[in-house]
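All remarks here apply to the structure that follows.
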Amino acid sequence: MSESLGSGPVPRPQTTLRHRLAELRGPASAPHPLDARALAALAANPGCRRRALLDGAGVDKAALASALGAPSGFGQSQFAFMRGHAFEAKVKADGGAELLRLLGVDDREDVRVPDLTAAGPQGRAARTALALREATEAGAEGAWTLLDHPMLALEVAGSPAYLEPDAVVVGPGGRWTVVEIKSFPMIDGSADAAKVGAAARQAAVYVLALERTARVTEGASVAHSVLLVCPKDFTNQPTGSVVDVRKQLSVTRRQLARLTRVEDIAAALPEGVSFDVAACSAEELTAAVEAVPHAYAPECLAACELAFHCRDRARAAGAVEALGRSVRGELGGLTTVGAVLAAARGEAGDPDDPAVAALRRAAALRAESLEEAAACR
Amino acid sequence: MTSVPFDPSAEAAGATRRILDDTLHGDARGVVVDSPPGAGKSTLVVRAALELAAAGRPLMVVAQTNAQVDDLVLRLAEKEPELPVGRLHSNDPDPYDKALDDLGNVRKSARAADLAGLDVVISTAAKWAHVKGVEPWGHAIVDEAYQMRSDALLAVAGLFERALFVGDPGQLDPFSVVGADQWAGLSYDPSASAVTTLLAHNPELPQHRLPVSWRLPASAAPLVSGAFYPYTPFRSGTGPGDRRLSFGVPSDGSGPDRVLDEAAESGWGLLELPARHTPRTDPEAVRAVALVVRRLLDRGGAAVSERSEDPVPLTPDRIAVGTAHRDQAAAVRAALAGLGVAGVTVDTANRLQGREYDVTVVLHPLSGRPDATAFHLETGRLCVLASRHRHACVVVCRAGVADLLDEHPSTEPVQLGVTVKFPDGWEANHAVLSHLSEHRIAWSPRVSP
Amino acid sequence: MSLISTLARLEAVESGRARPLATVRHRHVAERPLVLVPLTTAGEAGAPLGALVGTDPEEPTLLVVPQPRDRDLRFAFLADLAEAVLPYVDGFADDVEAAERGETDPETGKKVKVEVELCADAPQLIVPSRAGVEYVRLLGRSTRFRRTAEQDPETPFPAPPRVPLLGRWLTHYGERARVPGSSLLLAATDLLNRHWATGQSSLEDQHLGALLAWIDAPEGSSGAEAALRAELARDRDGQLLCPPAGPATDPAFDNRLLAPAVERYDRARQALAAAEDGQAADERLGDLHRAEREIRRLILAQLRPTWHAVWRAIELVRELPPGARVADRWTRDRWSFTGHRDRVRAGEPPQPRRDDAVTAANKLAARESAQTQLEAQEALDDPLVMAGRRLTGEAFVAEVVEVTMAWSESKRPAPRPLLTVRTDDRPHLGEGVKAYRSLEGKPQTARFVRYEEDGSLVLRVLDRMGRGKEPAEGSVPEKGDRLVWTLFEHDQRVGPKLPDPEETPWTHGGPPRVDAVEAPDAVTPEDLL
């Protein structure tokens, strides 16, 4: 795919877009950081304009959802949090020797672990870029470098997003490999496929961001496979698996490129709309959110803070998607519960429409069988 | 493009020679041949069988369906009427094509023991799996090996010492009606394809590929190769202009006629109906498909190709309609009957695998759908539909599929240790759609019936 | 989703109550099932937090791990779980009936009937949700390779005696649950979802509380409202009124209630360890007990609603009459149970971590066959399921309008009567297509012959009419009979026999190594389980 992000000058007048998005967010609020997890989650429902705009504008969706009276209910247990941190520390112990062992490099005492501290995300990103260049040069001499929590910048819808992978390893030949450390277990070499999928999508965002830097770093290349590190079986011993993220890369590239359409979405909004949680009343916020169409599906419940609010709206409108995306498959142009039931009962709908005809047959067969069963009791 | 002139016949002959050499004289237990659509797979299988038999090495042939088995028997008999061939069949009524009864040297039986000693014995994988207690064959040919499941190979592999595996990696993958995730990533995952398992355990086996599609015209090979075989490209055996499609009756200016002219000219045509969510058997789209076929016949279509200097009339048997679902095929058949068309093949992608026509008319799997599913996005399905034609392919589709693809959630689970299959259905669909859009005829059936 | 079930969901939305998806019960529900509601510790694989287990809805056994990171406490939990599960399982092992099984004589290669035991009934395990089924597998995997001191005196952290055996049974049940239609291990959500359609999506149906809310909504409230309450309503302390059905806990519970309680427990233990005299020790032991009791109270409060929900689910499905072929599938479950009992008794080692090629292929074949069988049986047992097959053209209901006697053209003519039948359904019939009807529980085959001018169809009956020239009485449909015909077969053909594992062909890596004995899991000082 030819569309790529952050490469070269941006053709559109992005400053106006950035300005417009800041207005929507509310001048006083800092943009909610769009991290890799949030970017990867965009792929969960790329058809949703509401989500695209709110994420593009950096609106704190959790705060917005609470203000709308439909809090998200997402949270993390401190047990999981502590365990995750302890595991990551263990993986990175001994100057990364353990981590390199998982990459198949044994007995390296001389792994370089540069200091990446700097002020602010911008400073840290600059520091990381420098460290990557040095690591690539050192890699030419055969050295290994472990970048612990580097900071990467990626332009998203005209604004920089700062991303912090768990680690990046630079090896001989200037090859950069993203390392993703997760605390779900790999048992007998396999792991929860949904969780691995999510990790792969997240890692793909890091790979994209790294590629941007690699393009301006001589001798560098970014691996399209990442190292996923998880606890082995029921222990806290790390084990690794190489995950090919080429598919996730192409999807993410395309989704990020499409995020520029937030400009069109924003342009379509009526004057005066604001998502400023601090300044607007619940009614105003509700109206503002209502001004951007959503594409609710039940999968949103696990991926978006606003999902309960959108579900409520979808149900109130009688949208059949509220029962699952697949429900629409056989319903053709019928999109509401009322319309489908009316068609099924013969109260509405064109009998020559195959969807209507099929619904009537289904309704008749269903009624016939239920009667038959009732008669048998 | 390469600067060295590409001689398709020489390339294909060279590949065939190397394959036969490995099969007859190599010491590897298996030889794997990837064959893109229309690259002469059946010809290769028949030739390999005849050469093995001629060398005094009896062999068994494993195909996947009874139709494939019967087709191979007929082809063998056509090439070598004297060759003693055994057709092992099931105990069902009408287990084989009646045409086999006319072949003097073909013996048919439901018991393998009755066929012992014949030069070539052919059957389906399902039937071979029940054969027990026989002396193993020295050689086997496994046809359509990419459509065979690993567990089916496990059931028959004890029957032969070594084998030639031939198949098309781009077509529909085998599947299972129950979950098989617990074995994902294992080298012998029973739900994987036979070739995947074979190569996981025997990575050193020689692998070949047939580099030339004799079926696909110069207009189709680059698209099909690029979209569905990104890492194993192939070329068309014919050049631009070698195949021509013309009509005796000029266009009446309607959508179907215009898309036929476009397809005759460029090899591809997209008849795009207005965007709308429809049930699978979208009456307008079904009727549009039928109309295109009707006009194709009415306008006196004729094809010129390397096979004949003179234009050959496009008869119903040289035309096929492809759909994703059976009910769509049934609806198209009914619509064709309503227009008085008979003799045109109408079938689903699954059943069109391995078949060849001059012109195909395809109802796009995503046309009118409110959502894309894994089934509709499956690479193999689109690949089969887009690679059955020798001259031209007309796709009928509602507008809006590009948006549908863009809005498709991509949250697939990832199994550790499973080799990622390329291309991805989503990307392949985008590639085909963007190519088709260059040959688009937008048509609103209601405005100009 | 089939159109008929979509319709049922939409009706549920409209009426605010779940709508039936079945008219009979399609799963076996035992008289005395064992219900297990487990909870696990967030972020830790295989570190259980607690469980309610038992066969009496009124008297569950509460098992709690007050500090899940403590290996000894986890082992104690597993030992208690083994004590709760294994006697129940063993209770079914000795009540047997004589049965026959077809085997191949290794010497002659001939099929022979062997007299074997078949357990008259089998233990049934019911968990709240699919995640619970997965957790049973995880517990099985984490315990079956453990070594007891008896097995290996050298093992640094010996497991309590019966824990590895518990692991083997849980593993067996977890594997069996993958067989379509089996009922040895069931999730309450699956039981309910098989029989009712709610007005929410199938994703939301995985929440046992919300699902029950639709099926069993309190008078005066709609299913949607009740489900929303079950999903989201919290008390003043921010705790869910309907806690998750596990094994994962709600983060708000972990952070606000459990973590402080565990911390108090840890402090009490440290204090006890640091006690310098008997009196101080006694006092501090009291503190420790109080801290532990508090954790038990918290965990019980999380578990209890789910425990009741599972039993309520059982009650609801029991109200449906069982499908006629459910007992047949349960017999297969009994064979499965008996088979594992025999393997345990024969001293076979625990199930390996990974199946070999032949075992994997055999399991896949068995499950595919079970799936087809299940689909056929459910349709034959239940007109509502059959309606779905009729809608898709795989079955039809037809009235016999004419019977014409005819015979086969062989030396001994056999009856092959022609039936003219009329149907409003639209079956996918074509040349040579076969249709089956159930005759005294056995399938009778007919072949489609032709359509008549008036749209009626002609079928030729092919079998089950006896050996004589005249068909046996009652074996040929009569004029006026209204019969269900299916285009799918009622029974499954037996698949091909795969080679023995030691005959695995070269294409699949050759025979597995016979010397490869499954080693126990690695044990490290900070090993979590």
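Sequence lines set the chain letters: A, B, ... in the order given, protein chains first and strands last, and positions in each chain run from 1. Reckoned from all heavy atoms, side chains included, excluding hydrogens, waters and symmetry mates.
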If you tally heavy-atom pairs under 4.5 Å against chain B, which of [options] wins?
| options | answer |
| --- | --- |
| C:His428, C:Gln371, C:Arg178 | C:Arg178 |
| C:Ala360, C:Pro505, C:Gly510 | C:Ala360 |
| C:Gly495, C:Ala357, C:Gly432 | C:Ala357 |

Just by distance, no angles: are the side chains of C:Asp355 and B:Trp183 close enough, under 3.5 Å, to form a donor-acceptor pair?
yes
[atom1] ([X]) with more than 12 external heavy atoms under 6.0 Å:
| X | atom1 | answer |
| --- | --- | --- |
| C:Asp424 | CG | no |
| C:Arg464 | CZ | yes |
| C:Arg194 | CZ | yes |
| B:Arg57 | CZ | yes |
| B:Glu204 | CD | yes |
| C:Arg416 | CZ | yes |

Report which part of [X] has an atom under 4.5 Å of a heavy atom belonging to chain B: side chain, backbone, both, or neither.
| X | answer |
| --- | --- |
| C:Arg493 | side chain |
| C:Val494 | backbone |
| C:Glu375 | neither |
| C:Glu368 | both |

Output, in order, the C-alpha distance, side-chain angles, deciding distance and verdict of side chain to side chain contact (heavy atoms under 4.5 Å, CB included) for C:Trp506 and B:Arg29.
CA-CA 9 Å; C:Trp506 60 277; B:Arg29 292 195 77 172; 3.1 Å; yes
Residue pair B:Pro190 / C:Ala361: nearest heavy atoms and the distance that separates them
CB-CA, 3.8 Å
Using non-hydrogen atoms only, which part of B:Asp92 is less than 4.5 Å away from chain C: side chain, backbone, both, or neither?
side chain
Under 4.5 Å heavy-atom distance to chain C, tell me which part of B:Ser176 shows up: side chain, backbone, both or neither.
both
Point-to-point distance, once rounded to the nearest 0.5 Å, from [atom1] of [X] to [atom2] of [Y]:
| X | Y | atom1 | atom2 | value |
| --- | --- | --- | --- | --- |
| B:Leu154 | C:Leu364 | CG | CG | 11.0 Å |
| C:Leu498 | B:Asp151 | CG | CG | 7.5 Å |
| B:Phe165 | C:Thr507 | CZ | OG1 | 6.5 Å |

Is any side-chain N of the basic residue among B:Asp94 and C:Arg447 closer than 4.0 Å to the acidic one's carboxylate O?
no
Look only at the side chain of C:His508 and the backbone of B:Ser150, and say whether a donor-acceptor pair between them is shorter than 3.5 Å.
yes
Answer yes or no: is there a donor N or O on one side and an acceptor on the other, between the side chain of B:Lys132 and the main chain of C:Lys497, under 3.5 Å?
yes
Only one of C:Glu175, C:Arg137, C:Lys363 passes side-chain hydrogen bond (donor to acceptor under 3.5 Å, both in side chains) with B:Gln182, and that residue is C:Glu175
If you apply the rule side chain to side chain contact (heavy atoms under 4.5 Å, CB included), what do you find for C:Arg354 with B:Leu186, and how did you get there?
CA-CA 9 Å; C:Arg354 296 191 181 96; B:Leu186 288 186; 3.3 Å; yes
